[in-house]
Structure formats: structure tokens, C-alpha cells
Trainee: 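My questions all concern the structure below.
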Amino acid sequence: MAAPDPCLLVILGASGDLTSRKLLPALYEQHAAGNLHPRTSVLGVSRRAKSDEAWRDELAEAVRSRVANFDPALWATLAPRIRYQAGDAARPDGWEEISARIRRESLADECGNLLFFLAVAPELYDPIVAAIGDSGLVPRERRACLGDPAAPWRRVIVEKPFGVDEPSARALNQRLASVFEESDIYRIDHYLGKEPVQGLLALRFANGIFEPLWNERFVDHVQITAAESLGVEDRVAFYDQTGAIRDMIQSHLLQVLAFVAMEPPSVFAADRIRSERRNILESIQPPDVERLEEVAALGQYAAAEGSPGYAETEGVAAGSTTETFAAMKVHFDNWRWAGTPFYLRSGKRLAAKRTEVVVQFKAPPTNLFRTLGQDAEARVAEADRLIIEIAPQSRVRMRFAGRAPGATFSLKTLEMSADFGGRGGGAEPEAYGPLILDAMRGDQSLFKDREEVEAAWAAVEPLLGAASQDLRRGIAGNYAPGSWGPESSKLLLGRDGRSWHDDG
Ligand SMILES: NC(=O)c1ccc[n+]([C@@H]2O[C@H](COP(=O)([O-])OP(=O)(O)OC[C@H]3O[C@@H](n4cnc5c(N)ncnc54)[C@H](OP(=O)(O)O)[C@@H]3O)[C@@H](O)[C@H]2O)c1
């Protein structure tokens with residue numbers, strides 16, 4: 001794997017939560033692991049005035065509270081490379097000072113690489129990208145630097161949410177393309193930086209035993225769950241405009257689904273992996289908008305002792321139909337998966353905090369053990385289940401039926417389990433770190449391309465638009481906190497003779 005190039009990482013939105021909670025802890029971890037190029041530095045930009053020192057002090061506190069084994073001496077070797085510039089990045093005149101500082105910090109010799117990170121509210125992406133374009137920092141014609149055969153690069157990392165629907169994603173793609181080459185645009189989804197998600201690729205493609213079974217002939221169905229036990233907490237304003245489909249399903253869950261369902265790439269290379277992910281998302285069958293209740297279920301959590309329901313939460317619009325729970329059934333129009341449904345669900349205030357993929361293989365053609373009674377039938381029904389846990393555990397489990405010891409013949413459920421992350425229980429690094437390094441080395445494998453983002457929006461579009469009104473009618477308080485969501489979610493699988501894997 002190529003080493004990351006040196007660059008100036010320009011974080012736009014430096015005073016924000018993402019920067020202090022995720023980005024700087026991630027950079028510190030990568031610095032501690034010796035992965036950052038020694039000439040890489042950081043310039044934070046946001047509107048409020050503060051000195052380099054004041055920002056470093058803020059960050060030192062934030063990093064200390066978030067990383068395991070914070071080492072002040074190590075921080076002291078990174079801190080001098082962290083600087084701050086006040087400025088309004090959404091206004092072209094704001095860029096006079098910002099670009100002067102960037103040139104001073106990094107481009108004095110015209111050879112510096114620049115990595116912009118849009119860590120601001122999504123409505124600012126468009127004006128900020130336009131202003132970067134106007135600043136002249138991203139020349140269309142790259143000049144090779146004197147004595148350096150490689151031209152300096154200009155790249156941009158764009159945070160999610162990438163648009164609020166397909167048209168807005170397309171408009172943002174056009175704006176980005178007016179300033180950056182597609183090969184320089186990194187649409188980040190930090191889920192793809194999680195080791196167990198990448199472990200899915202290894203599990204599928206580094207072993208011979210799964211791939212022959214990984215299709216509609218042997219897989220009954222797949223479930224992908226991202227459940228949270230907390231409510232909306234302090235993200236009410238954002239969440240009420242967003243909901244579970246935009247926040248989780250369109251982005252994270254469809255990305256995980258793409259890794260589970262995609263065809264093997266011919267080589268392990270960014271463009272091949274991205275093209276397979278895009279193909280699988282584009283082969284999602286559009287649902288019949290007249291019968292959405294057969295493919296989706298939406299909900300809002302009710303009140304519980306001591307905590308208000310979503311609808312009564314301060315800041316939530318009166319009569320809001322924003323979903324805090326969403327489940328959907330996905331069918332693919334392709335040879336591998338025709339007829340095998342993928343069920344996705346995500347929600348807040350659910351029974352557990354858990355992200356997992358469950359691959360349920362088909363039962364044996366006939367159940368030899370049916371004469372042993374209902375218990376044996378139940379054992380067979382829950383066997384042949386591969387459970388890939390992404391969080392909070394990071395492991396893979398295979399559940400199967402075996403004989404229970406004893407004088408009479410009966411069945412019991414057995415499991416094989418392996419630590420997926422392989423860190424032996426050690427803390428996983430912040431997922432942003434490896435992704436930022438990938439952007440520094442020019443590897444787009446784990447970033448979404450233009451068509452992939454648009455295909456993911458197209459897949460959920462019917463559940464967001466006017467056609468979803470019936471699904472949203474009466475959702476206020478339709479599931480109890482601590483449950484696994486509304487009845488309609490159980491029915492989604494129940495109608496198909498299946499049930500959610502709720503027992504962990
Ligand atoms: N927080 C997370 O964990 C998380 C996770 C996934 C995705 N995201 C996404 O990441 C982005 C940032 O999220 P966040 O939670 O960090 O938001 P945030 O806390 O609101 O921070 C954004 C920062 O941007 C700065 N800002 C606003 N207008 C600006 C302008 N015109 N020019 C320069 N800076 C400006 C603000 O600082 P000043 O007032 O000083 O300008 C503010 O502190 C959002 O798109 C969010 O959806 C966040």
C-alpha cells in the first residue's frame with residue numbers, strides 16, 4: 001500500500017463537533033501509529049476568531065478525552081503542525097485571507113498538496129465549493145512542480161449527508177465537478193472506515209467456502225440492522241429535518257448492503273470495487289409506490305417513564321412525521337439475488353445498541369427431525385445463520401444445529417465465533433483516521449463515486465416523497481422505547497414467514 005503523501009489538510013468547520021470529536025482524535029491516533037507523513041499539517045478554518053494556541057489547547061482537551069492512552073509528549077510533536085485561520089469559507093471575500101494563509105503555510109513553493117475537508121453544515125457545501133473554485137487554489141491545469149515529476153494534487157473530502165434527495169445530490173455532484181476532478185472527490189462514509197465492515201470483504205473474498213453459497217440458491221434472506229438505544233438527544237433540529245432513512249439507511253446501511261451483495265471485483269482495486277458497489281445499488285428493484293406498506297415500515301418512539309416521546313421532544317415540529325425508525329425490504333434485479341430479499345432497519349430508542357448483518361441460509365430441503373417436535377423444528381429454523389457483528393462487538397458467528405448430549409435424540413443450537421477485528425478486545429481506531437489516510441494516498445476504494453450516491457438516493461426515494469404519506473400517517477408513538485420497533489416492522493418479515501434476528 002502506498003504511503004500517504006504530505007499535504008496541508010484544510011478543515012472547513014474547525015470549531016465544530018465533528019472536528020473535535022472525530023477528526024483530530026483520528027489524526028492523533030494515526031500520528032501515534034507513525035502513519036502521518038512528517039510534513040503533513042492541519043489548518044482549521046471557521047468564522048470565530050481564535051489563535052493557533054487557543055485552538056490547539058481546545059483540541060488537546062478534546063483528544064485527551066477521546067483516545068485511549070493519550071501521550072502529552074506525542075501530542076507535543078503534532079501540535080506545532082496544527083494551525084487556525086478565522087474566516088467565512090462560504091463567501092468569496094472570506095477566501096482572500098484563507099487562501100493567503102494556505103499559500104503561506106503550504107504553497108510557497110507551488111508544490112504543496114491540499115486536502116480540503118468539508119466539516120460544515122451540508123447547506124454550506126455548495127457555496128464553499130464555489131468559493132474554493134473562485135479562490136484559484138484549484139487550477140484546472142496542474143503544473144508539474146520544478147524538480148518534482150508529480151503535479152501537486154487538490155482533493156476534497158465531503159461529509160454526509162450528501163444531498164437530501166436524488167436531485168440535490170446530483171446538483172452537489174455538478175458543483176463539485178465544476179471545481180474538482182472526480183478522481184479528487186472523496187465522498188466519505190465513516191462506516192466504511194470501520195474495520196469489521198472492511199472485514200466483510202475479506203470474509204467473502206479471501207475464503208472459498210462462502211462464495212459458492214452466496215446467492216439466491218442458498219441464501220434465504222439477509223438482514224442488516226443498525227439499532228441505537230438512545231433517542232435523538234441534542235440533535236433534534238438536525239434530526240427532525242432528516243430522519244432514519246436519510247441519516248442511516250440511504251448512507252451507511254446501503255453501503256454495508258453493497259459490500260454484502262456486490263459481485264467479486266476482478267482485482268482488489270479502488271475503481272473495480274467502486275464499480276461493483278455502484279452496479280449492485282443500481283440493480284435495486286424500485287418498489288411499487290402503490291404498495292409501500294409491503295416493503296417498508298416507519299415509526300416514532302413513544303414516551304417512557306421520565307423521557308418524552310419523539311413527538312413531544314422540545315424542538316420537534318408539531319405534527320412531525322419524521323421517522324425515528326425505518327425498515328425496508330430490498331429486492332435486486334440481478335442473477336445472483338433475484339428472489340432473495342434483503343431487510344434493512346435502523347432506529348432510535350430500540351432494545352439494544354447493535355449493528356450487524358445476518359445472512360440466513362436456506363433450511364435443508366426436508367426436515368428429518370420434524371418428528372422430534374416443535375423444539376427441533378425451531379432449532380432447524382434458526383440454524384445456518386451467519387451473524388456478522390459490526391458494533392459494539394466486532395466478530396463473526398456461525399449458528400448451526402447439533403445434537404444435544406443425552407439419552408434421547410434432541411437438537412440444540414451451537415455457535416462458532418471468531419473475533420472479527422482481531423484486536424483481541426483492544427479499542428478500534430477512530431474510523432475517520434484510515435479514511436483520511438486513504439485520501440492522502442489517493443485511494444478511493446472506500447469512498448463513494450458520483451453514480452453510487454445517486455443510486456442510493458434513488459433506492460430510498462419512494463420512502464421519502466409524497467408516496468410515503470400513508471406510511472407516515474399515525475406514526476407518532478407507534479413503538480415503545482426499548483422495543484424492536486413498530487408492529488409493522490415485525491409484519492414486514494412476518495408476511496414472508498420470517499422474523500427479525502432480535503436475540504443477539
Ligand atoms: N458530528 C458528527 O459526529 C458528524 C458525523 C457525521 C457527519 N457529520 C457531518 O459533518 C458536518 C459538520 O458537523 P458538525 O457536527 O461538526 O457541525 P457543527 O458542530 O455545527 O460544526 C460546524 C462548524 O462550522 C463552522 N462554520 C459555520 N459556518 C461557517 C462558514 N461559513 N465558514 C467556516 N466555518 C463555518 C462553525 O463554526 P463557526 O461558528 O466558528 O464558524 C461550526 O462550528 C455536517 O455536515 C454533519 O452532518 C457530523
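For ligands, and for the atoms within them, numbers begin at 1 and follow the listed sequence. No experiment lies behind these values; they were computed from the predicted model shown.
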Trainee: With the threshold set at under 4.0 angstrom, would you say L12 reaches ligand 1 through any of its heavy atoms?
Mentor: no
Trainee: Which heavy atom of the protein is the closest neighbour of atom 15 (O) of ligand 1, given with residue, atom name and distance?
Mentor: D17 CB, 3.5 Å
Trainee: Is atom 20 (O) of ligand 1 in close reach of the protein, with a heavy atom under 4.0 Å away?
Mentor: no
Trainee: So, Y310 versus E323: side-chain donor-acceptor pair below 3.5 Å or not?
Mentor: no
Trainee: For ligand 1, which part of F162 has a heavy atom less than 4.0 Å away: the side chain, the backbone, both, or neither?
Mentor: neither
Trainee: Between the candidates Q85, R91, K160, which shows the shortest non-hydrogen contact distance to atom 47 (O) of ligand 1?
Mentor: K160
Trainee: Relative to the heavy atoms of A90, which atoms of ligand 1 are at a distance of less than 4.0 Å?
Mentor: 31 (N)
Trainee: Give the residue, atom name and distance (to 0.1 Å) of the protein heavy atom nearest atom 32 (N) of ligand 1.
Mentor: A89 N, 3.0 Å
Trainee: Would you please classify the geometry between the H252 ring and the Y191 ring as parallel, tilted or perpendicular, with 30° and 60° separating the classes?
Mentor: parallel
Trainee: Out of all atoms in ligand 1, which are within 4.0 Å of some heavy atom of P161? Include the element for each.
Mentor: 47 (O)
Trainee: So is Y432 in contact with ligand 1, going by heavy-atom distances below 4.0 Å?
Mentor: yes
Trainee: What I want to check is whether the side chains of Y343 and T225 have a donor and an acceptor closer together than 3.5 Å.
Mentor: no
Trainee: Just checking, any donor-acceptor pair under 3.5 angstrom between side chains of T77 and H31?
Mentor: yes
Trainee: Do F325 and Y301 make the cut of ring centroids closer than 6.0 angstrom?
Mentor: no
Trainee: For the residue pair D240 / T322, report whether a side-chain donor-acceptor contact shorter than 3.5 Å exists.
Mentor: yes
Trainee: Near Y125, which atoms of ligand 1 are under 4.0 Å from a heavy atom of that residue?
Mentor: 45 (O)
Trainee: Give the atom numbers and elements of ligand 1 that come within less than 4.0 Å of a heavy atom of L124.
Mentor: 27 (C), 28 (N), 29 (C)
Trainee: Could you check whether atom CZ of F238 has more than 12 heavy atoms from other residues, nucleotides or ligands sitting under 6.0 Å from it?
Mentor: yes
Trainee: Does ligand 1 have an atom that lies less than 4.0 angstrom from a heavy atom of G87?
Mentor: yes
Trainee: Quick check on contacts: which atoms of ligand 1 are under 4.0 angstrom from a heavy atom of G13?
Mentor: 23 (C), 24 (O), 25 (C)
Trainee: Where is the nearest protein heavy atom to atom 40 (O) of ligand 1: which residue, which atom, and how far?
Mentor: R48 NE, 2.6 Å
Trainee: Is it the case that the side chains of E105 and Q85 hold a donor-acceptor pair, with the cut-off being a distance below 3.5 Å and no angle test?
Mentor: no
Trainee: Between the candidates S46, A119, G94, which shows the shortest non-hydrogen contact distance to atom 22 (C) of ligand 1?
Mentor: A119
Trainee: Please state which option from D88, I11, D189 has its nearest heavy atom closest to atom 31 (N) of ligand 1.
Mentor: D88
Trainee: Could you measure the distance from the CG atom of L200 to the CD1 atom of I390? Nearest 0.5 Å is fine.
Mentor: 6.0 Å
Trainee: Give the atoms of ligand 1, by number and element, whose distance to some non-hydrogen atom of S15 is under 4.0 Å.
Mentor: 37 (O), 40 (O), 43 (O)
Trainee: For residues D5 and W153, is any side-chain donor paired with an opposing acceptor at under 3.5 Å?
Mentor: yes
Trainee: So, taking the atom named OH in Y432 and the one named CG in L27, what distance separates them when rounded to the nearest 0.5 Å?
Mentor: 12.0 Å
Trainee: Please state which protein non-hydrogen atom is closest to atom 11 (C) of ligand 1 and give its distance, to 0.1 Å?
Mentor: V120 O, 3.2 Å
Trainee: More than 12 heavy atoms of other residues, nucleotides or ligands under 6.0 Å from CD of E97: yes or no?
Mentor: no
Trainee: Considering only protein heavy atoms, which is closest to atom 7 (C) of ligand 1, and at what distance to one decimal place?
Mentor: E159 OE1, 3.1 Å
Trainee: When you compare ligand 1 with T19, is there at least one nitrogen or oxygen pair between them that comes in under 3.5 angstrom?
Mentor: no
Trainee: Which option, A131, A86, G16, S251, owns the non-hydrogen atom nearest atom 18 (P) of ligand 1?
Mentor: G16
Trainee: Give the residue and atom name of whichever protein heavy atom lies nearest to atom 13 (O) of ligand 1, and the separation in Å to one decimal.
Mentor: L18 CB, 4.1 Å
Trainee: Centroid-to-centroid, Y28 to F70, below 6.0 Å?
Mentor: yes
Trainee: What is the closest protein heavy atom to atom 29 (C) of ligand 1, and at what distance does it sit?
Mentor: R47 NE, 3.5 Å
Trainee: Return the residue, atom name and 0.1 Å-rounded distance of the protein heavy atom closest to atom 3 (O) of ligand 1.
Mentor: R21 NH2, 2.8 Å
Trainee: Do the two ring centres, one from F162 and one from Y125, sit under 6.0 Å apart?
Mentor: no
